[in-house]
Number of protein chains: 2
Amino acid sequence: MNGAESLVHTLLGSGVDTCFANPGTSEMHFVAALDRIPGMRCVLGLFEGVVTGAADGYARMAGKPAATLLHCGPGLANGLANLHNARRAGSPVVNIVGDQATYHRPLDAPLTADTEGWARGVSAWVRTATGAASVGADAAVAVQAARTPPGQVATLILPADTAWTEGGVVAAPLPVPAAPQAAPSQIETAAAVLRRGGPVVLLLGGEALSQAGLAVAHRIAAQTGARLMAEGFNKRIARGQGRVAVERVPYVVEEAIQALAGTGHLILAGSRKPVTFFAYPGKPGTSVPTDCEVVVLARPEQDVVAALAQLADALSAPPAAVPDNGERPEAGRGALTPESVAATVAALMPEGTVIVDESISFGRGFFAATKAAPPHDWLALTGGAIGDGLPLATGAALGAPGRRVITLQADGSAMYTLQALWTQAREALDVTTVVFANRKYAILLAELASVGANPGRTALDMMDLGNPDLGWTKLAAGMGVEAARAETCERFADLLGQSVTLRGPFLIELVL
Amino acid sequence: MNGAESLVHTLLGSGVDTCFANPGTSEMHFVAALDRIPGMRCVLGLFEGVVTGAADGYARMAGKPAATLLHCGPGLANGLANLHNARRAGSPVVNIVGDQATYHRPLDAPLTADTEGWARGVSAWVRTATGAASVGADAAVAVQAARTPPGQVATLILPADTAWTEGGVVAAPLPVPAAPQAAPSQIETAAAVLRRGGPVVLLLGGEALSQAGLAVAHRIAAQTGARLMAEGFNKRIARGQGRVAVERVPYVVEEAIQALAGTGHLILAGSRKPVTFFAYPGKPGTSVPTDCEVVVLARPEQDVVAALAQLADALSAPPAAVPDNGERPEAGRGALTPESVAATVAALMPEGTVIVDESISFGRGFFAATKAAPPHDWLALTGGAIGDGLPLATGAALGAPGRRVITLQADGSAMYTLQALWTQAREALDVTTVVFANRKYAILLAELASVGANPGRTALDMMDLGNPDLGWTKLAAGMGVEAARAETCERFADLLGQSVTLRGPFLIELVL
């Protein structure tokens, strides 16, 4: 058995059975091992950003890591932006990067790069394998590192000779680390705050946004009057009827400040203290009022659902029924506006839908509209590195088979990783992509205005995607994905309604 | 004047008047400054790999750096692979990365990343601006660092507040560093080797492959019988009638060994000792014979053309006419084979064409066919990080206005950075892209065979781009580039011949 074979066996034994791959020459022995050893589902991406974003989406839905397979430092580099998003999501990823043979590296062949250096910025764990005999053990530790709460990127760099040399040893799976429990003092401090009364926000993140986490948070809110909120950009939120509806902290600084105004105490439950995405001259870097006290019930890596349950018990909060979220919206009519599009999505999504939201500026209000839709999950761009939506949807579809994925996708961001559509076609994934073709970097026009600049020709040109127009139906067709355009809400509803009943991917270009 | 304005003024004063950009929020003040200060040509790319590859192509043709404009660590990350190629080419690039405001960085907002850490792997010079007053001086040093021979990537990280704060100071341009002269001992050692006779290869790299460098190298070869060769993958080679034709060191290990077999002395003239792209079990890591002595006439950063001239003088080599390169090939006929395609390109390219070669496996023999074509330049993938061709061509067209660019482009590699086609359409660049649609990672099939593996279903699936087929005419049309398919050489000749007479981009999909 060579090192590569021991690696594949160890991954499978450790529960990693899906590999998103864009291999190169130095990975050929790993690929050959995948051939010989059954059990690993291999999914090809035509660009590494697709591979890493898909691994993130898979992990968010499957609740366990996939492996990636990347080629040398530059292949890793192409995948870094979506690994950055995965890191911010707390998604487990076993990131495998093939590289130059150990003895070839000193010759500095053209593809040689500082692979470890590039990996560190996104990885909680980085190791370069040193020999075939230890690759199996390395892989078992990598899986354990990836599964360390809340979920981490673990990067194993695999020099080609550690893969091809005989003497591989399969390693037994290592225990999956449990999330540490919050300390009694954390529970008690939060309970004291809530007992005192006054305006309290319980800010939920991570597993607190699961159906179970939301339900227990609701017990606390019902008992104490605390307000529940979610972080602005989350790994996954359970949403729709039967789930407790929460608002998210808004992106726009003024709106975020408004949303948290008057909060006396902010209790962090698996979340982090809100900060603004960017600094702006003369504006604060956080939306938390200066006189607000911040208390940590559970850090992101701690068991937040247990902490919430302990807190509810400490407060003697009785069971509380999940409120009815009201009437499901009807599909919109007429012009394609943020409101009409949101209503249409909420009206037509099937139960169990996975929403992938990279709608950026056009879709800021979409989330609110879906609280009365059937139960679904909402996945967001967590790290702000755009180009996550299409890959995330690709992986989510593989991590949640049988469920429809609807990607709410800004056009500018979609262009970063449009190659994901090809993988969706190849794997016949049930993904409906809705592209918001406003043909500009609308967010930047708003940002430019907010820094007080009056855009001239040069600036406008750098935010204009309309010369030439991107033809999304052609781009999709070029990658084997059926597509159509809509200029009215009725047409959008027709296309969306059809697409969710068919198998395989479909793309709808909304001409805004 | 704010920091951003001082930066733009300093760049312009230092001769940097082209900026390839994919800006974000933290760059809005830089964008606003570009609006107010005339003189900078701004070119938008829809993905950062397009931006950095275009900066490389521009530098190769213009002989001076362009600026990039990238957004935060993840934006830089998306551009790293083509910066890696630029680094390997020795291309000057002034890489500007906007980032979080200095005081906002500690809050670890979602887009915050280790921008400096990621920049180091590709940059000879990295600096994070610390205040508006020094940004101008930083920019002047960055340009000087970029222009330090043979050409380097210089990365200036620009926290948003150093751009927006008043108090910017324009810095005077700094001297462009001259390439150091080779030491007399380097000239004398090479001369002694050549005077002794025996099988000598003069391996040319960098400026030695300019028309002037080749001519003086030919003087030496004509006088001594030394054989001229070029490195395998070069920044730019002057090629065609009137230029001395040289062979390149082959990619395939066995062919490279064969090409250098029997060489007693290898003289490096602006080149590096050949190493194989990858290690293979049981194969050597270099194609240089074990008993061959390697001598350095000029290191890549030294003035190799002057060193060659001094060497020629030391050898009393008389002027030598550039040999006639023979008959220009006729356009091929019938099936699309590597030979017929190469002949067609050689037959139809206009004088002054810039060839961008990312043809990978299908195009290994193309270079040989063009020695008798009209004078042209040949730009190659220098760092092995695929996805360079379309961006490189985009930048080359901007760096060499009035000349036709012909991109010889493998399909698998094209998919990494296909967004470049949109920039070609937007800027109406005279680029003909020829996509070799073999619908597989052909190089990997060969590599898999060469490691002795017999590919099975899983492996074949990971090298197959044919399920579904990529539709290149649709992809091009989706980005505003006119396109057509050819299945015969006659049709290819028609399309190529037409495209080079028209303005603007065109894409030809060769169905192989």
Side-chain angles (χ1 to χ4, degrees), chain A residues 21 23 25-26 28-29 31-32 34-35 42 44 46-47 74 77-78 80-81 84 88 101 104 107 109-111 113-114 117-118 120-121 160 164 233 275 277-279 281 285 383-385 415-416 419 425-426 447-448 451 453 455-456 458-459 461-462 467-468 470-471 474-475 477-480, chain B residues 21 23 25-26 28-29 31-32 34-35 42 44 46-47 74 77-78 80-81 84 88 101 104 107 109-111 113-114 117-118 120-121 160 164 233 275-279 281 285 383-385 415-416 419 425-426 447-448 451 453 455-456 458-459 462 467-468 470-471 474-475 477-480:
Chain A
T25 299
S26 43
M28 285 302 102
H29 288 85
V31 169
L34 291 170
D35 245 355
C42 295
L44 181 61
L46 298 188
F47 176 69
N78 283 334
L80 284 174
H84 168 88
R88 291 290 184 186
H104 199 62
L107 301 183
L111 259 173
D114 184 8
W118 282 341
R120 277 194 201 98
W164 77 51
F233 300 93
V275 300
F277 231 80
F278 297 104
M415 279 302 287
Y416 283 65
Q419 306 93 339
R426 183 183 183 86
E447 298 282 5
L448 194 64
V451 302
T458 302
D461 273 355
M462 281 205 270
N467 172 28
L470 292 164
K474 290 175 187 155
L475 292 171
M479 289 181 279
Chain B
T25 300
S26 43
M28 284 303 102
H29 287 85
V31 169
L34 290 170
D35 244 356
C42 296
L44 181 61
L46 298 188
F47 176 70
N78 282 335
L80 285 173
H84 169 88
R88 292 289 185 186
H104 200 61
L107 300 184
L111 258 173
D114 183 9
W118 282 342
R120 278 195 200 96
W164 78 50
F233 300 92
V275 299
T276 62
F277 231 80
F278 297 105
M415 280 302 288
Y416 284 64
Q419 305 93 339
R426 182 181 183 87
E447 298 282 3
L448 193 65
V451 302
T458 301
M462 280 204 271
N467 171 28
L470 292 163
K474 290 175 189 155
L475 292 171
M479 289 180 278

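Below, chain A is the first sequence line, B the second, and so on; all start at residue 1.
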**Q** Side chain, backbone, both or neither: which part of Trp164(A) has a heavy atom under 4.5 Å from chain B?
**A** side chain
**Q** Only pairs of heavy atoms separated by less than 4.5 Å count here; which of Gly117(A), Gly383(A), Ala385(A) has the most with chain B?
**A**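 So the answer, after comparing Gly117(A), Gly383(A), Ala385(A), is Gly383(A).
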**Q** Might you point out which heavy atoms bring Pro23(A) and Leu44(A) nearest each other, and give the distance in Å?
**A** CD-CD1, 4.1 Å
**Q** So, taking the atom named CH2 in Trp118(A) and the one named NE2 in His84(B), what distance separates them when rounded to the nearest 0.5 Å?
**A** 6.5 Å
**Q** Does any heavy atom of chain A fall under 4.5 Å from the side chain of Ala459(B), the backbone, both, or neither of them?
**A** both
**Q** Could you tell me the separation between the CZ atom of Phe233(B) and the CZ atom of Phe277(B), rounded to the nearest 0.5 Å?
**A** 5.0 Å
**Q** Check Phe47(A) against Tyr416(B) and note the closest heavy-atom contact, atom names and distance.
**A** CD1-CD2, 3.6 Å
**Q** I need the residue from Met462(B), Met479(B), Arg120(B), His104(B) with the largest number of non-hydrogen atom pairs under 4.5 Å to chain A.
**A** His104(B)
**Q** Could you tell me which of Asp114(A), Asp35(A), Leu475(A) has the largest number of non-hydrogen atom pairs under 4.5 Å with chain B?
**A**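 Option with the top pair count is Asp35(A).
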**Q** Taking Gly456(B), Pro281(B), Gly285(B) one by one, which has the highest count of heavy-atom pairs under 4.5 Å against chain A?
**A** Pro281(B)
**Q** So which residue, Met415(B), Glu447(B), Arg88(B), ends up with the most heavy-atom pairs under 4.5 Å with chain A?
**A** Arg88(B)
**Q** Select, from Leu46(B), Leu470(B), Asn78(B), Val275(B), the one with the greatest count of heavy-atom pairs under 4.5 Å involving chain A.
**A** Leu46(B)
**Q** Can you tell me which of Ala279(B), Pro74(B), Gly384(B) forms the most heavy-atom pairs within a distance under 4.5 Å of chain A?
**A** Ala279(B)
**Q** Between chain A and each of Gln419(B), Arg426(B), Lys474(B), His29(B), count heavy-atom pairs under 4.5 Å; write down the option with the most.
**A** Arg426(B)
**Q** Can you tell which part of Ala477(A) gets under 4.5 Å to a heavy atom of chain B, answering side chain, backbone, both or neither?
**A** both
